[in-house]
Chemist: 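Here it is: the structure, laid out below.
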Amino acid sequence: MRLSRFHLPTLKEVPADAEIVSHQLMLRAGMIRKLAAGIYTWLPLGLRVLRKVEAIVREEMDRAGALEVLASLVVPAELWQESGRYAKYGPELLRLKDRHQRDFVLSPTCEEVITDLVRRDIRSYRQLPINLYQIQWKFRDEIRPRFGVMRGRDFLMKDAYSFHLTEADLEREYRNMRETYQRIFTRLGLDFRVVKADSGAIGGDRTEEFHVLAQSGEDQLAVSDASDYAANLEVAETRPPGPRPVAKSTLRKVETPTQKTCEAVAALLGVPLATTVKLIVVKGRDGGLVALALRGDHTLNAVKAAKHPKVAAPLALADDAEIRAAFGCEAGFLGPVGDKVPVIADHAAAALADFVCGANEAGFHVTGANWGRDAAEPERADLRNAVDGDPSPDGQGRLKLVRGIEVGHIFQNGPLYTKALGVTVLDEAGKELTPTAGCYGIGVSRIVGAVIEQCHDAAGIVWPEAIAPWRVAICVINPKNDARVSAAAEELYAEFARRGIEACLDDRGLRPGAMFADIELIGIPHRVVVSERGLAAGTFEYRGRRDTESVALDRERLFARFA
RNA sequence: CGGGGUGUAGCUCAGCCUGGUAGAGCGCUACUUUCGGGAGGUAGAAGUCGGAGGUUCGAAUCCUCUCACCCCGACCA
């Protein structure tokens with residue numbers, strides 16, 4: 001590509017509304033432009049990269065035996081009503097009507113569409129297993145789109161759906177996809193982790209996420225420092241600590257007129273935060289209230305709590321009136337003493353003796369409280385978020401909390417959708433069978449942002465070779481002074497083409513400083529400078545994007561670098 | 001949805017408090033001198049001041065409404 005004929009609107013200044021580095025660099029490099037909140041137009045440079053990511057994903061999916069299809073972004077609401085997700089999905093699902101007032105949705109995922117496709121065309125066990133995928137734009141009406149293409153409202157996703165006769169075959173394909181994803185992210189040059197995850201809105205049992213490690217990631221991950229254990233904080237298990245010490249203190253009421261948090265009470269009394277217990281009152285599955293007890297220095301894990309059989313899902317906090325009715329005081333002075341409502345204690349809270357908690361009386365807490373004496377022995381569960389330094393659940397090493405960007409997610413959702421949509425096939429015996437299914441997503445457009453988060457420096461983007469817009473940039477210095485310079489550059493450009501190496505020729509006639517700055521900003525891995533000076537010496541000037549110095553190479557040695 | 005903030009040239013922003021001829025830097029166009037790390041000079045194009053209504057002799061500026069965009073907030077007891 002000749003840059004003189006390419007649309008490359010680079011910016012020197014950072015657009016005001018871009019917060020994170022990938023968003024800033026994508027705007028500055030002229031890869032994307034914003035159209036509306038969370039909606040972007042991909043410019044030629046950005047699209048080149050996006051297409052490369054897409055191509056790698058497609059290649060590996062094909063290699064894994066999946067079959068590509070393409071479904072519309074616009075889906076009849078009926079299908080979503082049939083699966084039950086029309087009612088379940090929140091306002092993130094964009095609903096719209098056509099001119100005949102028929103209801104449609106903009107697809108955020110395609111379980112229904114593909115399952116419907118299978119229901120229509122797959123009749124026999126002989127047609128299974130099958131894995132259908134597409135690479136298609138999706139739409140999610142995010143509450144708060146941000147971070148450019150990392151959390152946009154429309155996004156390019158690879159989504160695959162597999163259908164099987166048996167759970168064992170689903171497990172086989174799940175592993176196949178897991179390996180495929182590892183190949184894809186490795187080819188993309190990313191530092192990633194496979195983590196245990198919650199299945200969330202899609203539903204299902206076995207599920208893992210693929211995360212690119214980056215400070216700007218929106219998800220917290222707990223990873224072991226001594227094994228390959230890694231889990232999304234939402235599901236990272238915590239282990240019960242050792243046995244509870246014996247009670248030594250007696251229960252004593254203390255005045256805490258304005259201290260409504262464990263932090264404030266601990267500070268007032270001069271005791272460690274980890275000796276306090278807080279209650280979080282939530283709605284129970286049976287309609288009553290349930291109190292969740294946590295150590296003061298821990299935070300509630302809503303995903304874990306909502307999975308507890310006595311807790312209403314989704315998690316719903318009790319309101320002020322309910323708390324007042326049950327405890328006789330406002331939130332801020334609650335405690336398990338007196339057993340106002342059934343208590344489920346996190347393992348760490350349950351292991352405390354002589355703890356501090358609310359007195360269930362405005363303005364008072366108690367010290368020296370003990371389970372089984374001042375409060376009923378509570379039911380125990382894992383309810384808290386893991387913290388840095390917790391022992392790893394697999395018994396090896398300690399957990400460290402890091403941040404990640406979710407770029408892939410694989411699920412075994414079983415017969416969830418096939419049953420809802422009434423998919424059946426005939427088995428060998430002529431008997432009707434409901435297939436079991438899996439689904440597998442990759443955020444293609446998000447990957448572009450995630451790569452930049454991992455691969456950039458002060459000058460701009462540093463593309464991994466696999467997805468760089470071009471592998472090499474040929475920079476021409478002062479071509480007007482000497483016709484031989486541009487002739488040599490043209491010849492070099494033609495030679496790269498002959499060798500099948502993607503090159504761009506910077507023939508824009510910019511001054512060298514501006515030209516180099518642009519080429520570095522857009523992250524081209526290799527740069528070759530053609531100048532009078534070099535021609536006289538019979539060399540070209542080569543510099544890798546991460547190098548700090550250039551080297552003079554003759555033609556042969558230059559091309560050897562691209563072998 | 002709640003709280004906060006911002007809308008003025010393609011980009012980054014000043015001007016608004018205290019109403020009175022629309023501004024700067026970068027970018028863009030032309031010419032010119034330059035020519036190896038975002039050059040200098042000269043000349044120039046470019047804004048319904050987000051929109052509507054109101055107050056006023058007069059509104060970018062004050063008031064009301066509205067739209068768009070950004071940030072913060074969903075774990076507390």
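The analysis underlying the following values was restricted to heavy atoms, covering all of them including side chains, and did not include hydrogens, waters or symmetry mates.
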Chemist: Quick check: on RNA chain B, is the nucleotide nearest Gly358(A) upstream (toward 5') of the one nearest Ile143(A), or the reverse? Name the residue that is more 5'.
Modeler: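 By nearest-heavy-atom nucleotide position, the 5'-most residue is Ile143(A).
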Chemist: Would you say the ring centroid of Phe562(A) lies under 6.0 angstrom from that of Phe496(A)?
Modeler: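 Yes.
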Chemist: Taking any heavy-atom pair under 4.0 Å as a contact, classify Asn478(A): base, sugar-phosphate, or nothing.
Modeler: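 Base contact.
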Chemist: Respond yes when some side-chain nitrogen or oxygen of Arg511(A) is under 4.0 Å from OP1 or OP2 of A39(B), and no when none is.
Modeler: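 For A39(B), OP1 or OP2 has a side-chain N or O of Arg511(A) closer than 4.0 Å.
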Chemist: Across all strands shown, which nucleotide pairs with C62(B) by Watson-Crick or G-U wobble geometry, both distances under 3.5 Å?
Modeler: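 With both distances under 3.5 Å, C62(B) matches G54(B).
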Chemist: Please check: side-chain N/O of Arg85(A) versus main-chain N/O of Trp80(A), any donor-acceptor pairing under 3.5 Å?
Modeler: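 No: the side chain of Arg85(A) does not pair with the backbone of Trp80(A).
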Chemist: Under 4.0 Å, heavy atoms only, any strand: does Val14(A) hit a base, just the sugar-phosphate, or nothing?
Modeler: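 The residue Val14(A) makes sugar-phosphate contact but no base contact.
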Chemist: Tell me the partner of C69(B), counting only Watson-Crick (N1-N3 plus N6-O4 or O6-N4) or G-U wobble (N1-O2 and O6-N3) with both under 3.5 Å; none if nothing fits.
Modeler: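 For C69(B), the partner nucleotide comes out as G5(B), under the 3.5 Å rule.
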Chemist: Between atom CG in Leu35(A) and atom C1' in C69(B), what is the gap in whole Å?
Modeler: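 About 13 Å, once rounded to whole Å.
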Chemist: With rounding to whole Å, what would you report as the distance between G23(B) and G3(B) at their C1' atoms?
Modeler: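 G23(B) and G3(B) have their C1' atoms separated by 34 Å.
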Chemist: Honestly, is Lys34(A) close enough over Tyr40(A), meaning NZ or CZ under 6.0 Å from the six-membered ring centre and within 45° of the axis?
Modeler: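 Cation-pi check for Lys34(A) and Tyr40(A): fails.
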Chemist: Could you work out the separation of A14(B) and A77(B) based on their P atoms and round it to a whole Å?
Modeler: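 After rounding to an integer number of Å, I get 40 Å for this pair.
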Chemist: Separation of Arg545(A) atom CZ from G37(B) atom C1', in whole Å?
Modeler: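 Atom CZ in Arg545(A) sits about 13 Å away from atom C1' in G37(B).
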Chemist: Could you tell me how far G51(B) sits from A9(B) if I compare only their P atoms? Round to whole Å.
Modeler: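 Each nucleotide's P atom is 11 Å from the other's.
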Chemist: At under 4.0 Å between heavy atoms, what does Arg295(A) touch on the DNA or RNA strands: base, sugar-phosphate, or nothing?
Modeler: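 Nothing, no heavy atom under 4.0 Å.
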Chemist: From the set G36(B), G38(B), C69(B), return the single nucleotide nearest to any side-chain atom of Phe516(A).
Modeler: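 Closest of the options to the side chain of Phe516(A): G36(B).
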Chemist: If you check every side-chain atom of Arg28(A), which of U12(B), C71(B), G38(B) has the closest atom?
Modeler: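 Shortest atom-to-atom distance from the side chain points to G38(B).
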Chemist: What's Arg543(A) touching, base or sugar-phosphate or nothing? Going by heavy atoms closer than 4.0 Å.
Modeler: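 The answer is base, as Arg543(A) lies within the cut-off (heavy atoms under 4.0 Å) of a base atom.
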Chemist: I need the CD1-C1' distance between Ile32(A) and C11(B), as an integer number of Å.
Modeler: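 The answer, rounded to whole Å, is 15 Å.
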Chemist: Please give the nucleotide sitting opposite C75(B) as a Watson-Crick or G-U wobble pair, both distances under 3.5 Å, or none.
Modeler: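 C75(B) is paired with nothing.
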Chemist: Rounding to a whole Å, what distance do you find between Leu27(A):CG and C70(B):P?
Modeler: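 In whole Å, C70(B) P and Leu27(A) CG are 12 Å from each other.
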Chemist: Rounded to the nearest angstrom, tell me the gap between atom CD in Glu19(A) and atom P in C72(B).
Modeler: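 Value for this atom pair: 5 Å.
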Chemist: Determine the interatomic distance between P on G10(B) and the same-named atom on A45(B); round to the nearest Å.
Modeler: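 Each nucleotide's P atom is 15 Å from the other's.
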Chemist: For U29(B), which nucleotide is its Watson-Crick or G-U wobble mate, given both distances must be under 3.5 Å?
Modeler: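 Its partner is A43(B) (Watson-Crick or G-U wobble, both distances under 3.5 Å).
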Chemist: When the distance from CG of Leu510(A) to C1' of U34(B) is rounded to whole Å, what number comes out?
Modeler: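 Taking CG of Leu510(A) and C1' of U34(B), I get 15 Å after rounding.
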Chemist: When rounded to the nearest Å, what value does the distance between P atoms of G50(B) and G15(B) take?
Modeler: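 Comparing P positions in G50(B) and G15(B) gives a spacing of 15 Å.
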Chemist: Determine the Euclidean distance between corresponding P atoms of A68(B) and C62(B); express it in Å to zero decimal places.
Modeler: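 C62(B) and A68(B) have their P atoms separated by 23 Å.
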Chemist: Measuring only the C1' atom in each nucleotide, how far is U33(B) from G25(B)? A whole number of Å is fine.
Modeler: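 Approximately 23 Å lies between the C1' atom of U33(B) and that of G25(B).
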Chemist: Does Asp339(A) use its side chain to pair, donor to acceptor, with the backbone of Ala376(A) at less than 3.5 Å?
Modeler: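 It does hold such a pair.
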Chemist: Are the side chain of Asp154(A) and the backbone N or O of Ile39(A) linked by a donor-acceptor pair below 3.5 Å?
Modeler: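 Not confirmed, Asp154(A) side chain does not pair with Ile39(A) backbone.
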Chemist: If you measure from the P atom in G7(B) to the same atom in C49(B), how many Å do you get, rounded?
Modeler: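 Their P atoms lie roughly 15 Å apart.
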Chemist: Considering heavy-atom distances to RNA chain B, does Ser531(A) or Gly296(A) have its closest nucleotide positioned more toward the 5' end?
Modeler: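 Result of the comparison: Ser531(A).
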Chemist: How about Trp470(A) and Phe6(A): are their ring centres within less than 6.0 Å of each other?
Modeler: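 Yes.
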Chemist: Base, sugar-phosphate or nothing for Arg33(A)? Non-hydrogen atoms, less than 4.0 Å.
Modeler: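 It contacts nothing in the nucleic acid.
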Chemist: Tell me what Ala302(A) touches on the nucleic acid: a base, only sugar-phosphate, or nothing, going by heavy atoms under 4.0 Å.
Modeler: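 Base, at least one base heavy atom under 4.0 Å.
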Chemist: Check whether more than 12 heavy atoms from other residues, nucleotides or ligands sit under 6.0 Å from atom NZ of Lys283(A), and answer yes or no.
Modeler: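 Yes, the 6.0 Å shell around NZ holds more than 12 heavy atoms from other groups.
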Chemist: Categorize Asp518(A) for me: base, sugar-phosphate, or nothing, with a 4.0 angstrom heavy-atom threshold over every strand shown.
Modeler: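 Result for Asp518(A) = base.
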Chemist: Contact class for Leu11(A) vs. all strands (heavy atom < 4.0 Å): base, sugar-phosphate, or nothing?
Modeler: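 Nothing: the residue Leu11(A), judged by heavy atoms under 4.0 Å, touches no strand.
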Chemist: Report the nucleotide, chosen from G36(B), C75(B), U12(B), that has the shortest atom-to-atom distance to any side-chain atom of Ala16(A).
Modeler: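 Closest of the options to the side chain of Ala16(A): U12(B).
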Chemist: Strictly by Watson-Crick or wobble contacts shorter than 3.5 Å, is anything paired with U48(B), and which nucleotide is it?
Modeler: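 Matched U48(B) with nothing under the 3.5 Å cut-off.
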Chemist: Please say whether more than 12 non-hydrogen atoms of neighbouring residues, nucleotides or ligands are located less than 6.0 Å from CD in Gln215(A).
Modeler: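 Counting neighbours around CD of Gln215(A), 12 or fewer heavy atoms of other residues, nucleotides or ligands fall under 6.0 Å, so no.
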Chemist: Using the ring of Tyr86(A) (Phe, Tyr or Trp, six-membered ring only), decide whether Arg95(A) places NZ or CZ under 6.0 Å from its centre and within 45 degrees of its axis.
Modeler: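 Yes - Arg95(A) lies over the ring of Tyr86(A), closer than 6.0 Å to its centre and within 45° of its axis.
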Chemist: Under the 3.5 Å rule, do the base of G10(B) and the side chain of Glu13(A) count as making a donor-acceptor pair?
Modeler: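 Looking at the base of G10(B), it does not pair with any donor or acceptor on the side chain of Glu13(A) (distance under 3.5 Å).
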Chemist: State whether Arg144(A) places a side-chain N or O below 4.0 Å from either non-bridging phosphate oxygen (OP1 or OP2) of C71(B).
Modeler: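 Checking C71(B) against Arg144(A), a side-chain N or O does come within under 4.0 Å of OP1 or OP2.
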Chemist: With hydrogens left out and only the distance checked, is there a donor-acceptor pair under 3.5 Å joining Glu520(A)'s side chain and the base of G37(B)?
Modeler: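 Flag set: donor-acceptor pair detected.
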Chemist: CD1 of Ile477(A) versus P of G38(B): gap in Å, rounded?
Modeler: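 Value for this atom pair: 12 Å.
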Chemist: Is Lys34(A) near enough to C70(B) that one of its side-chain N or O atoms lies under 4.0 angstrom from OP1 or OP2?
Modeler: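 So the side chain of Lys34(A) is within the cut-off, an N or O lying under 4.0 Å from OP1 or OP2 of C70(B).
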Chemist: Starting at atom NZ of Lys12(A), determine the distance to atom P of C11(B), rounded to an integer number of angstrom.
Modeler: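 Roughly 16 Å, once rounded to whole Å.
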Chemist: Would you mind pulling out the nucleotide paired to G36(B), Watson-Crick or G-U wobble, both distances under 3.5 Å?
Modeler: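 When the pairing criteria are applied, nothing turns out to pair with G36(B), so the answer is none.
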Chemist: Let's see if you can work this out: which of C26(B), C69(B), G36(B) has an atom nearest to the side-chain heavy atoms of Pro512(A)?
Modeler: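 For Pro512(A), the side-chain atoms sit closest to G36(B).
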